[in-house]
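Okay, structure first, notes after.
Note on naming: letters A, B, ... go to the chains in the order of the sequence lines (proteins, then strands), and numbering restarts at 1 for each one.
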Amino acid sequence: MARYDAGAIEPKWQKAWEEAGCFTARRDDTKPKYYVLEMFPYPSGNLHIGHVRNYAMGDVVARYKLATGHAVLHPMGWDAFGLPAENAAMERKVHPGDWTYANIDNMKAQFARLGLTLDWSREFATCDPEYYGQQQAMFIDFLEKDLVYRKNAVVNWDPVDMTVLANEQVEDGRGWRSGALVERRELTQWFFRISTYSDELLSALDTLDNWPDKVKTMQKNWIGKSRGLQFPFGLKDRDDLIEVYTTRPDTLLGASFVGISPDHPLAKELEADNPELAAFNAECRKMGTAEEELEKAEKRGFDTGLQAVHPLDPQWTLPVFVANFILMEYGTGAIFGCPAHDARDLEFARKYDLPIKSTFVPVNGPHTAPEDQGEPFVPPKTELVRYTRIVAGDAEQTGGAAIDAAIDRAEAEGWGTGVTKFRLRDWGLSRQRYWGCPIPVVHCDTCGVVPEKKENLPVELPRDIDFDTPGNPLGRHPTWRDVPCPKCGAAATRETDTMDTFVDSSWYYARFTSPGATTPTDPDEASYWMNVDQYIGGVEHAILHLLYSRFFARAMHEGGHLPASAKEPFDALFTQGMVTHEIYANQLVGPEVFPQGERVRYYLPSDVVPFTKDGKRVAVLRSRLNEAGRGEDQLALEDQLLEDQDTEWGVRVIPSAKMSKSKRNVVDPVEIIDRFGADTARWFVLSDSPPERDVEWTDAGAEAASKHLARVWRIAEGARDAPETGQGDEDLLREMHKATHDVTMGIESFGFNAAIARLYAFANTLQKSKAGRTAQVAAARTLAQLMSPMTPHLSEELWQMLGGEGLIATAPWPKADPAMLVEDEVTMPIQVNGKRRDEMRVPRDMPKDQVEARALASDAVQRSLNGATPKKVIVVPGKIVNVVI
RNA sequence: GCGGGCGUGAUGGAAUGGUAGACAUAGGGGACUUAAAAUCCCUAGGGCAUGGCCCGUGCGGGUUCGAGUCCCGCCGCCCGCACCA
């Protein structure tokens, strides 16, 4: 009798699928089409177990859709431009392209072992000139449609390395390599006009019924539509005005200062003859560009000495501050501060001893006025409040009503205008780096910015570059940079900025519909395969990637590359959780350090033996354990560990966290597949947690999954060899139909963990069944089929063992017979005052009054009643009875 | 700081407002074995005066016949914050 041997069967079935070509996407007008896509990976070099989970989920969907008669498109490619390739180039003297393609080869081999339903004939990498050339063609289209433009914007500038840094390359305000304090520097950069679509990107969210609400909420807040008042403050002793925008004009009588951004034109003008202000502004600019950094920084201001005149009272003047927390990018770059109703303004007012005037208070009850030491009063705009300083409207009104009234007043009196603004800024796509898609324009002294001719695309990256000198290699590559102007032929230079890698990932889904096309898409193929029916990826992409893709789909429609129906490219979205793992570390607490100078040393999971002792997670180094052997040494060691000492052998176990190379809490999928097989890895990552939540990788869990698959193998053998006749055929078949129903629902609703739990239960039932062979084989075949989206190789093998026809991969999905799902009798719990006290078996459709009578007759109810009459009896037919006493 | 999410036994988790803890892991007990592995069976939220009762879904309130689920306020953790992908 053969045993379950994943190592032998997995390659066999992978080959069989490939030979049968079952996963090649084919247009078929007799079937509904289904496009399932997982976010494509960055080719870092190795598949991560998190990838395995992501792709296993997509594969479950793809296999289920294949089995339910769909023409499935399930492609894969590589998000291959980006910083890590340049870092590798600098550190290891390899060409970013060579490094990237070598990584792709390696990862593709790892992919192959997972048994996924991917159609590799459509594979591409975003760094392929065939791909980015089409991206350049679209850029030129966008230029013609005025969807791209140039303007100044700030970047993180490293004055030592003379290079632009990404936000992640700035650590505590310093460049990660040079350690130099970064500065904000203005450069002319390219922008996509995503803000033109702000309103549409917002309102169209309502049509995305199969997107998680949390993602839609995040996008809504990110786009940040607000209606507010824009008005100018006049200045004492000056002719110019400060234009401000506020979403709370109802609090105008609580104003205590006017604040402008350090990048505001007035701030720049004033610093010319005010060295102190210049120093303050310079200080503010010595900070990264990340919004988080600005917001967390201490609120600081500089009193310009200017006085702004309050629009409602010419006698009332407000000091004008330059303040570090005001962004030039949002609104007008100037605000008025109302400390009583804004936390930031309050912090600022307390610091600079500015007046704090409340303008409204709660309708009921007192409120600790922030005039004293209270919190700012910021109720929702829908809440009724009582105004103590009324700009317009009733004394008692909601914030929303008061805002509208204040805008109406300002417009009627002519000193302000109601304005709708969006938080969403245009998408800056310029990157001063080599390893990205070149922006296909040429700068000519006479013609200005000229797009490259489409027949000259792709503008390919030059190969002969080096990273020995800081800065962008494209900028110092004369033969690449210096070209004739496409318009006049005079000497000109290429744009040396490349595109943000978000551009690459904003349209790859569309390219998959016709990866070889000589235009960005083949409209016919795109309209057949689009939209993506199910998109799967990490929630970390909830805003930027998905918003940019939604913009791109619209822009591509403008350019004729996508049909109008694909403006929202992803019909359904699922955001899956991460795979986490315990961390094993020795942490030194005294002055000592480890030999390399580190204070914490992390160990790979494969280097330690973790165990639970008296409820405490501890671990020992595997190497030390081998030295010590078993027996007394280990007992002594365990005792030491319990005293919570760091010993040479003992390793602390830190609770599970996101896998990261620096913490070394990673598991290598290849190692797992070598040990257990791909089916075990797939089964486990899907089994233990809901897909949208994180799952903790544990060795014990993986082993258990592996054991279960071996057990299913034995169960199938048992079914095949069962006696001709037995008992309980009907019961087993009933369970089979119930399992079919539940697992099908589980898969359709992304409840993979629940579906797997149900499969465990069904396997247990089958194992215990004494039914005859026909029923057992039917049940075992169904079990194999229901498992096949998760464990495709094992399922093929069992299918063959049980005499199934053809490949299970192409066999039609089992259907549950509704007649087999209904029970004639149900168990009804009986509650007394909402607490379960008893239960009873009753016919499913027993009339209410009879159910009530049965329940009241129960011993437990009689005991509780103790002769009294119940106040009320609630009967929910088929569900529950509650007797209220 | 701002925006979003999550919190249930020792552990991962299950539960259209209707029996909290399905299914699994670790644990305890047993069978088989010279022994171990593998396999199979039983047990298992906590407590007590144990044929029964009380407590229990991060904490504090509320709505309801009934709340893990809905509402309000807190605490903790995770994700995003526009140049990481």
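Taking atom P in both B:G9 and B:G47, the straight-line distance is 15 Å, to the nearest Å. One C1' atom belongs to B:U57, the other to B:A15, and the distance between them is 11 Å to the nearest Å. Distance check on atom C1': B:G56 versus B:G7 gives 16 Å, rounded to whole Å. One C1' atom belongs to B:G17, the other to B:G66, and the distance between them is 8 Å to the nearest Å. Rounded to the nearest Å, the gap between the C1' atom of B:A44 and that of B:G61 is 35 Å.
A:Glu703 and A:Arg675 are joined by a salt bridge, as a carboxylate oxygen and a charged side-chain nitrogen come within less than 4.0 angstrom of each other. Electrostatic pairing of A:Lys299 and A:Asp345 does not count as a salt bridge here, judged by no charged N lying under 4.0 Å from a carboxylate O.
Using a 4.0 Å heavy-atom distance criterion, A:Pro690 is classed as a sugar-phosphate-only contact. Contact annotation for A:Ala705: no contact, since no heavy-atom pair falls under 4.0 Å across all strands. Across all strands shown, A:Ser430 has heavy atoms under 4.0 Å from base atoms, whether or not it also approaches the sugar-phosphate.
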Could you summarise the pairing of RNA chain B as dot-bracket text, marking Watson-Crick and G-U pairs under 3.5 Å with ( ) or [ ] inside the strand and | across strands?
(((((((..(((.....[....))).(((((.......))))).((((...))))..(((((..]....))))))))))))....

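Aromatic ring pairs are classed by plane angle as parallel below 30°, tilted from 30° to 60° and perpendicular above 60°; the pair A:His51 and A:Tyr55 is parallel.
Between the side chain of A:Asn882 and the base of B:C65, at least one donor-acceptor pair of N or O atoms lies under 3.5 Å. In the interface, the side chain of A:Gln432 is paired with the base of B:C83 through a donor and an acceptor atom under 3.5 Å apart. Contact of A:Arg433 with B:C83 (side chain to base): a donor-acceptor pair of N or O atoms is detected under 3.5 Å. Below the 3.5 angstrom threshold, one finds no donor paired with an acceptor across the side chain of A:Glu692 and the base of B:C6. Between the side chain of A:Glu291 and the base of B:C81, no donor-acceptor pair under 3.5 Å is found.
Between A:Tyr197 and the choices A:Tyr548, A:Phe551, A:Phe422, the ring-ring contact (aromatic ring centres under 6.0 Å, His included) rule is met once, by A:Phe551.
Between B:G4, B:A85, B:A24, one nucleotide has an atom nearer to the side chain of A:Ala704 than all others, and that is B:A24.
Note that the CZ atom of A:Phe574 and the OG atom of A:Ser749 stand 9.0 Å from one another [nearest 0.5 Å].
Within the 4.5 Å cutoff, the side chain of A:Val712 has heavy atoms near those of the A:Met787 side chain.
Along RNA chain B, the nucleotide nearest to A:His541 and the one nearest to A:Met218 differ in position, and the one closer to the 5' end is contacted by A:Met218. With the nearest nucleotide of RNA chain B identified for both A:Val876 and A:Val215, A:Val215 has the one nearer the 5' end.
What you find for A:Tyr42 and A:Ala85 is that their closest heavy atoms are OH-N, 3.4 Å.
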